[in-house]
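Structure record follows, encoded as structure tokens.
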Amino acid sequence: MNTPGPDPSSSTPTRHDLHGRYRTAETVEDFRHNLAAVQSRIAAACERAGRDVASVRLLPVSKTIDEAHIRRAYAAGCRFLGENKVQEAHHKWEAMQDLADLRWSVIGHLQTNKAKLVARFASEFQALDSLRLAETLDRRLQQEGRSLDVFIQVNSSDEDSKYGLPPGQVDGFLQAMPQFGALRVRGLMTLAMFSAEAAQVRACFIRLRELRDRLRQTAPAGVELDGLSMGMSGDFEIAIEEGATVVRVGQAIFGARAVPDSHYWPGQDAHG
Ligand SMILES: *Cc1c(COP(=O)(O)O)cnc(C)c1O
């Protein structure tokens, strides 16, 4: 069990090629099947990396998916869903109030003027990337009498089009966090470079993990950096091999999206 397998760095490919081919999940049975398939890919990646499968949380990403399908995913066992756009997430939260144990994670860039929506309903926010946003979120949360788990988004690929703090600014950012009592820092989040070249994708994940390891030594008390949210349908196995504790997986569970990713990420063209 503990014997390391072949060096994963040379063998695990990205799977962006699969994107167009994930079939849309229609029935509760489809969802059960897809969730089990993703879980077994997670387990295999953990095995290769000598990691405990319980150290990786699967966050299903339901952006663009309608209420009827989300209810079937819920019936198949999903209790925590990721959404990229806050208004879309808020609408779904409102529509599914009857599913009292369904929680929401906002994983996409947030404009400060929409912080109050997140403060109202979200259980987790993974794209914290400015002090102004932290301050506004904290104030709104205090007003709601709520607190929020947050991940700080880091631009690990050096692409101008990506949101997130440059790695060199994260240390200073963390030092400011203790003043925001309603924000519980849980770790770092990133989107890897969009590339079929596994080595480039892996380099982004390694960068995030090494940054986290360095920052742990200087992080103020109360700021927890155990979490590494990285990896999606096309690259979550590589992310797990490099230490991901949360993988955000949409298409491999719900089916290929018709909406191009440029709708969600600035400067990102549709890819094959
Ligand atoms: C959409 C999205 C994902 C999931 O991408 P899939 O290709 O559907 O797995 C992960 N993270 C973020 C920030 C997203 O917006």
Side-chain angles (χ1 to χ4, degrees), residues 8-25 30-31 33-49 51 56-65 73 78 81-85 105 107-109 126-127 151 153-159 161-164 188-209 228-272:
S9 58
S10 56
S11 54
T12 309
T14 55
R15 316 258 305 240
H16 295 303
D17 56 313
L18 288 178
H19 268 198
R21 290 196 252 140
Y22 288 116
R23 276 180 43 245
T24 304
D30 290 343
F31 280 109
H33 175 270
N34 289 356
L35 286 163
V38 170
Q39 289 290 4
S40 83
R41 285 170 60 185
I42 290 174
C46 284
E47 174 99 350
R48 284 196 295 280
R51 296 185 56 195
V56 180
R57 164 163 62 107
L58 170 61
L59 178 64
V61 175
S62 54
K63 68 192 191 200
T64 76
I65 305 300
C78 294
L81 294 174
E83 287 279 340
N84 182 291
K85 289 184 182 286
S105 177
I107 61 176
H109 180 72
Q126 294 205 357
F151 287 67
Q153 185 170 356
V154 178
N155 182 344
S156 63
S157 61
D158 242 349
E159 296 167 291
S161 60
K162 290 274 171 62
Y163 288 117
L188 307 179
M189 176 272 217
T190 203
L191 281 165
M193 180 177 291
F194 243 112
S195 169
E197 289 226 28
Q200 290 193 335
V201 171
R202 187 179 294 277
C204 295
F205 297 144
I206 292 174
R207 205 167 293 141
L208 195 72
R209 185 192 65 226
L228 285 179
S229 176
M230 51 190 202
M232 29 200 265
S233 294
D235 56 22
F236 70 82
E237 286 131 313
I238 299 175
I240 288 170
E241 289 167 4
E242 298 303 340
T245 67
V246 181
V247 292
R248 310 178 306 266
V249 178
Q251 300 184 82
I253 295 170
F254 291 91
R257 268 188 306 277
V259 184
D261 283 336
S262 54
H263 178 68
Y264 285 94
W265 305 318
Q268 206 81 65
D269 290 325
H271 50 88

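The figures that follow rest on heavy atoms only: side chains count, while hydrogens, waters and symmetry mates do not.
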Listed by chain and number, what are the side chain to side chain donor-acceptor pair (under 3.5 Å) partners of [X], not counting sequence neighbours?
| X | answer |
| --- | --- |
| D30 | T27 |
| Q200 | S195 |
| R209 | E242 |
| T245 | none |

Over all atoms of both residues, closest heavy-atom pair of [X] and [Y]:
| X | Y | value |
| --- | --- | --- |
| L59 | V246 | CB-CG1, 4.1 Å |
| A192 | V201 | CB-CG1, 3.9 Å |
| V249 | F236 | CG2-CD2, 3.8 Å |
| V56 | A244 | CG2-O, 3.6 Å |

Check your understanding: Between atom CG of L188 and atom CD of Q126, what is the distance when rounded to the nearest 0.5 Å?
Key -> 11.0 Å
Exercise for review: Kindly write out the residues that satisfy side chain to side chain contact (heavy atoms under 4.5 Å, CB included) with N34, not counting sequence neighbours, or none if the list is empty.
Suggested key: A25
Point to revise | Residues forming a side chain to side chain contact (heavy atoms under 4.5 Å, CB included) with V61, sequence neighbours excluded | key: K63, I107, R248
Check your understanding: With F254, which residues qualify under ring-ring contact (aromatic ring centres under 6.0 Å, His included), at least two apart?
Key -> F31
Please check this pair: side chain of [X] against backbone of [Y], looking for a donor-acceptor N/O pair closer than 3.5 Å.
| X | Y | value |
| --- | --- | --- |
| S233 | A252 | yes |
| T24 | G255 | no |
| E241 | A45 | no |

Check your understanding: Do I240 and C46 come close enough that some side-chain heavy atom pair is under 4.5 Å?
Key -> yes
Exercise for review: Mind checking salt bridge (charged side-chain N to carboxylate O under 4.0 Å, His left out) for E237 and listing every partner two or more places apart, or none if nothing turns up?
Suggested key: R15, R41
